[in-house]
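Report on one structure; see the data block that follows.
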Amino acid sequence: MRNIGIIAHIDAGKTTTTERILYYTGRTHKMGETHDGQSVMDFLPSEKERGITITSAATTCLWKGVQINIVDTPGHVDFTAEVERSLRVLDGAVAIFCGKGGVEPQSETVWRQADKYRVPRIAYINKMDAVGADHERVVKQIKERLGANPLAVNIPAYQGDELVGLIDLVKMVYITYSNRLGTESVRGPIPSDLEAKAAEYRGVLLETLAEHDEEILESYLEGQDVGSTTIIRALRELTIAGRVVPVLCGSSYRNIGVQPLLDAVVDYLPTPQEIGTLEAIDVESDETITLDTDNDGDLAGLVFKIVTDRHVGKLAFVRVYSGRLVTGATVYNSVKDKREHVGRLLKMHANHREEIGEIKAGDIGAVIGMKDVSTGDTLCLSERPIRLESIEFPEPVISVAIEPAKRTDQVKVAEALSRISAEDPTFKVSVNEETGQTLISGMGELHLEIIAERLTREFKVEASLGQPQVAYKETITRPANGECRYVKQTGGRGQYGHVKLAVEPAEGFGVEFKIVGGAIPREYFSAIEAGIREALEEGPVKEYPVVNVKVTVLDGSFHEVDSSEMAFKMAGMLAAKDALRKAEPKLLEPVMKLEITTPEEYIGNIINNLTSKRGRLESMDTSMNTQVVKSFVPLAELFGYSTDIRSLTQGRAGFNMEFSHYEITSLAS
């Protein structure tokens, strides 16, 4: 079995490649295309209209007796959470790069996400038939920009400018296709005009493997031929260890190179057992334990995605790491401390389902019937409660007010938004207490636009979105002290709490107690911390959350009769507010990394426009007669930027942006 994800920048050809895989493995009998809205994996109406992937879709196929579970993930930065949660539960990944575009901004983001979860991967350079495609340049970019160790295992073969096949460097054969659908491949000797190039690449492959493998080193030094099985074994070991990345190429749309890619998935990517032991926390002892991928072990499964379905209710996607999940069983959710009933188990094929009796260790499936379950929850046995590492998601960067078209739809909209937020961890719903407005927050304009469409399509309620608002934050720029003596005398028992504390700039947030001689009893510490956290929710500048602050509680006093948790919570909150005001607070704004690709003649217009938007130029490169401009621009300046850039360049420039960091705003606080 292989559990793999297909990850890439938008428009590199992830869904087209997945469609070919399904066709060649006999899962489908017709190839669907994204551009005419016919692909199996992009099944949502919004995906068909836009020709992009919005939610990760799971499917299963068989290749050479191996079961391959595939998750096709979105490439658009607004849906980065879908990639994050998929990589958390997968054992391997296929990173697709465009032969012309190379390593693009979102390619870097998904690569770093795969690094974070230490996922072994292979690279596939797609669109090698496109004008301007350059295999060598993309391999070089994978090395330089991603810090990987790429190793070509096949190279493209051209006749004139036309891509006609591939040269397999492991078996040293020439692969061509005898029909348009690419189902029949012909393997033959390498043409004489391509022999020198093939020998050069084969030499690099063997030299790199010889550095890591004794058997290959010996054969190489003695001038003996190294067999393909030896090369595949060495490549597999190094790929699983994360030391090399096998690079394949082809053109999925032209049906060239997909079967060698499937072979590479089987040859080089790990089985669930090869990933090794998995760490978990024993809930009772709080100690770290290790689990083996074993069908007969104790149950350990991670819920990595929730989908609300009109017909069956809540679908929970689960990766089982150990033991078996069986229909009708009762399992324990260690995060929520609740028992759940497993109603039915399904094998997913995009939006089609196949009922199964159990999900074994290492496999992925969906569960119907669980009521209170969220992304990141662990399913286990109640007699052996454990907790697997959860999934971290980025915070939303943009908020919009949402209003139902009819007042009578208020409850329906609230219910629909609550169901969507249960599915999508990067989507948040809140109510502004001052204005009474409902605010929805997400990763970008497209993200929120799609959610508004879903309300109409799936939940049959009309709602309108207001102007986007930026998710600002606040921070402090110098240390300061604060104090509050909270005294309230009413009839009977009074309230007394006295806290002295200091705040200072720091990475992240922390509270430390340095109270000497029992000036404040320990039982009030948690109340003081709760008060401090409340103070940080609304900062002194514009009432945005305060981040990157360390708070040290230094001193205080208490009253034997009048002190209470409530009094110390208020004292902690007011002392923190006092200190924050003195610590020269500043407003932080989200800054986006913007990459623009434009014909040379518009470069002046674009740079002037970036300057007017408070943009900072990072670099300018020339690639294939076009200029690539990289810069950092505050998100507040980028609403509606797609319209701006179209009018500046007569629609000839393109851009990508992704969240980079928060920084102190140059606008007046």
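One finds no salt bridge joining E136 and K140 here, because no Lys/Arg side-chain nitrogen approaches an Asp/Glu carboxylate oxygen to under 4.0 Å. With respect to the salt-bridge test (charged N to carboxylate O, under 4.0 angstrom), the residues K360 and D363 do not qualify. Ion pair R233/D213 flagged as a salt bridge, since at least one NZ, NE, NH1 or NH2 atom sits closer than 4.0 Å to an Asp/Glu carboxylate oxygen. Taking a cutoff of 4.0 Å between a charged side-chain nitrogen and a carboxylate oxygen, D225 and R202 qualify as a salt bridge. Salt bridge annotation for D91-R121: absent, with no cationic side-chain nitrogen under 4.0 angstrom from a carboxylate oxygen.
Listed by chain and residue number, D263 satisfy the salt bridge (Lys or Arg N to Asp or Glu O under 4.0 Å) test with K64 (two or more places apart in sequence, or in another chain).
Residues L209 and L238 are in side-chain contact: their nearest non-hydrogen atoms beyond the backbone lie under 4.5 Å apart. In this structure, the side chains of L194 and I167 come closer than 4.5 Å at one or more pairs of heavy atoms. Contact of the V247 side chain with the F97 side chain is not registered, since no non-hydrogen atoms from C-beta on lie closer than 4.5 Å. The side-chain heavy atoms of V326 and V342, taken from C-beta on, include no pair separated by under 4.5 Å. Looking at W63 and I21, their side chains never come closer than 4.5 Å, going by heavy atoms from C-beta outward. Side-chain contact between I364 and I359 is absent, with no heavy-atom pair separated by less than 4.5 Å. When side chains are defined from C-beta on, V373 counts as touching V303, because their heavy atoms get closer than 4.5 Å. The shortest distance between side-chain heavy atoms of P120 and Y268 does not fall below 4.5 Å.
Ring pair F317/F304 is perpendicular by interplanar angle, where above 60° counts as perpendicular and below 30° as parallel.
Remark: the backbone N or O of N3 is not paired with any side-chain donor or acceptor of R319 at under 3.5 angstrom.
The neighbour count for E214 CD, taken as heavy atoms of other residues, nucleotides or ligands under 6.0 Å away, does not exceed 12. Within a 6.0 Å sphere centred on CD of E355, other residues, nucleotides and ligands contribute more than 12 heavy atoms. In the displayed structure, K171 atom NZ is contacted under 6.0 Å by at most 12 heavy atoms of other residues, nucleotides or ligands.
Across all their heavy atoms, S107 and G102 have their closest contact at OG-O, 4.1 Å. Nearest heavy-atom pair across T239 and L235 is OG1-O, 2.6 Å. Minimum interatomic distance between S185 and Y177 (heavy atoms only, all atoms of both residues): CB-CE2, 3.8 Å.
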- Message: With side-chain contact (heavy atoms from CB on, under 4.5 Å) as the criterion, how do L302 and V318 come out once you've worked through the C-alpha distance, each side chain's angles and the decisive distance to 0.1 Å?
- Response: CA-CA 5 Å; L302 183 76; V318 178; over 6 Å; no
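Rounded to the nearest 0.5 Å, atoms CG (L169) and CD1 (I190) are 7.5 Å apart.
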Under 3.5 Å, which donor-acceptor pairs link side chains of residues 145-166 to any protein atom two or more places apart or in another chain?
{"unit_1": "R145", "atom_1": "NH1", "unit_2": "V103", "atom_2": "O", "d": "2.6"}
{"unit_1": "N149", "atom_1": "ND2", "unit_2": "R243", "atom_2": "O", "d": "3.3"}
{"unit_1": "N154", "atom_1": "OD1", "unit_2": "C249", "atom_2": "N", "d": "2.9"}
{"unit_1": "Y158", "atom_1": "OH", "unit_2": "M128", "atom_2": "O", "d": "2.7"}

